[in-house]
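Notes follow once the structure below has been shown.
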Amino acid sequence: MITAAVLLLAVVAVATVIWLLKSSNENTELKQTEPTVQTGFLMDTYIRQTTYDSSPDAGEKLRQLFDFLSEFENKASMYLSDSEISNINSHSGVMPVKVSDDIFQLLSRSKELCLQSEGRFDITIGALTKLWGITTDSPKVPSEEEIKDAQKLVDINQLVLDAENKTAKLNAPYMSLDLGGVAKGYACDLAREKYKELGLTSCLLSLGGNIYSFGTKADGTAFVIGLRDPLGDADDIFGTVTAPDKVISTTGGYERYFEQDGKRYHHVLDPKTGYPAGSDLLSVTIIAEEGLLADCLSTSLFVGGKEAVLKNLSQTDFDVIAVDQEKNIYLSDGIRSRFQLSEGSTYRLADSTE
Amino acid sequence: MKQNDALSQRSFFHKTDWLAVALILAVSLGLWAVLFFPRVTQRLQVEIYCDNVLTQTIPLPAEDKLLELSDRQMTLELKDNRIRVSETNCADQSCLRMGFIERAGQTIVCLPNRVVVQITGNGEPDSQIDGIAG
């Protein structure tokens, strides 16, 4: 009798244990769903997409986004000879060139932002970019004369856009567009529409110095974005930030550079001097809904330095996280509550009112 | 009443009861092991991409060896189940400076050579960061 009772009890116990283990297993699996990741090279940089979308074709959707942006690159790159931008460049001083809708939109919005940047940012900087060749295999420091000549070919007012006929023209011969400072941010804006169209619910898109945080992780929390330590290695960070449904663009002199005669030359050119920006900042991060704005402003505020950053800490349409040479961090009002300094970081928060 | 009498006549746990308990414990432990352990064991693998194409997959653990990417003058070193770029002809050498990677989610990127080396697997990456801006 007792034996039977014990056995019965034991069977119940085992069943309970199995049930508990199974259900806890299912729960943890639900929470820790492995993300689907897609990586590759695009727009002269590295792209990485991470989604927690559980649909079986999530990987295929990421691939479609990649192909979609790759098509955009074919239109926007100054390095591809048959792109729309190259077409405008090769017809500079000659005639207007018909462009597609998204390129026209990109050019007109960029022109608007260049005009607001007080000369710190200009997409007609192509002649200078080519002269320095910083992102090519053979960068070199040009002569002062060469720089002066190239500077004459940088003027956003000489980019004529015809909204009715959707054409673009660079007025002077040898002028050249370089969308390196806006195209990746704009690609994030294109990705926003495309993700929705594909029916994806979440994705973290990393494209060069730009991150687009779309939706949330599997457990409903926001993606946590690390802010790169400009003086450290590629995976060192000085803090983290959350920015749901926003684009986070960073510009710094550490990413691409070359050295000549013991001096370092980075890739962010100042249109006013024709040289790499002599910024007193190590990096500038802009967080905004509009990727193009974030990308463009991170460059123009980096070029403008601390002075320009301090003037822009209370804006409504974007937030700023800037780091100066003394490792002080400047935060705009809107981002304070979402920013977290890394434990043991050698950086410190500066008083933004100083 | 008869049953109670019967109870009082024997020790609470009979020999066979102990056997049953032992058996049940063993079965439970076995089940726990079967259900739990596959989740804990990490199945990591190294993936190597050239020009956006997955060209090699190496399940870990793997023997130490040098992998030469002949078409782009780059050498990868697999050592103690970690991998790094040990030689490269690219100008910026940032892939070389990244050093060894060993955990799921870690990546080495060489832009000039268009090579990505990453470790994937079912082990949770030990980082709380989902992406890095910069």
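Protein chains get the first letters and strands the later ones, always in sequence-line order, with residue 1 at the start of each. Hydrogens, waters and symmetry mates are skipped; everything else that's a heavy atom, side chains included, is used.
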So, the part of A:F258 with a heavy atom under 4.5 Å from chain B: the answer is neither
When rounded to the nearest 0.5 Å, the distance separating CG of A:L227 from CD1 of B:I132 is 9.0 Å
**Asked** Do other residues, nucleotides or ligands put more than 12 heavy atoms under 6.0 Å from the CD atom of B:Q45?
**Response** yes
Pair count under 4.5 Å, heavy atoms only, with chain A: among B:V115, B:L19, B:V53, highest is B:V115
Query raised in the report: Is any side-chain heavy atom of B:L111 less than 4.5 Å from a side-chain heavy atom of A:F41?
Result: yes
When the 4.5 angstrom heavy-atom criterion is applied to B:C95 and chain A, the contacting part is neither
Okay, A:A222 and chain B: the region with an atom under 4.5 Å from a heavy atom over there is backbone
Looking only at atom types and distance, does a side-chain atom of B:D130 sit under 3.5 Å from a main-chain N or O of A:I225, one as donor and one as acceptor?
no
Turns out that what part of A:D44 lies under 4.5 Å from chain B's heavy atoms comes down to backbone
Bottom line for A:T240: the part with an atom under 4.5 Å from chain B's heavy atoms is side chain
Item to complete: Could you tell me whether the side chain of B:I129 reaches within less than 4.5 Å of the side chain of A:I237, counting heavy atoms only?
Response: yes
**Message:** Take a 6.0 Å sphere around CD of B:Q93 and say whether it holds more than 12 heavy atoms from other residues, nucleotides or ligands.
**Reply:** yes
Under 4.5 Å to a heavy atom of chain A? For B:V116 that would be both
**Asked** Considering residues, nucleotides and ligands other than A:E259, do more than 12 of their heavy atoms fall under 6.0 Å from its CD?
**Response** yes
Across all chains, not counting sequence neighbours, the side-chain hydrogen bond (donor to acceptor under 3.5 Å, both in side chains) partners of A:T201 are A:D53
Check whether any side-chain heavy atom of A:R48 sits under 4.5 Å from a side-chain heavy atom of B:V109, and report yes or no. no
Taking atom NZ of A:K140 as the centre, report whether more than 12 heavy atoms of other residues, nucleotides or ligands fall under 6.0 Å from it. yes
Sorted by chain and number, sequence neighbours left out, side-chain hydrogen bond (donor to acceptor under 3.5 Å, both in side chains) with B:T88 holds for B:N113
Honestly, the part of B:S94 sitting under 4.5 Å from a heavy atom of chain A is neither
When the 4.5 angstrom heavy-atom criterion is applied to A:I211 and chain B, the contacting part is side chain
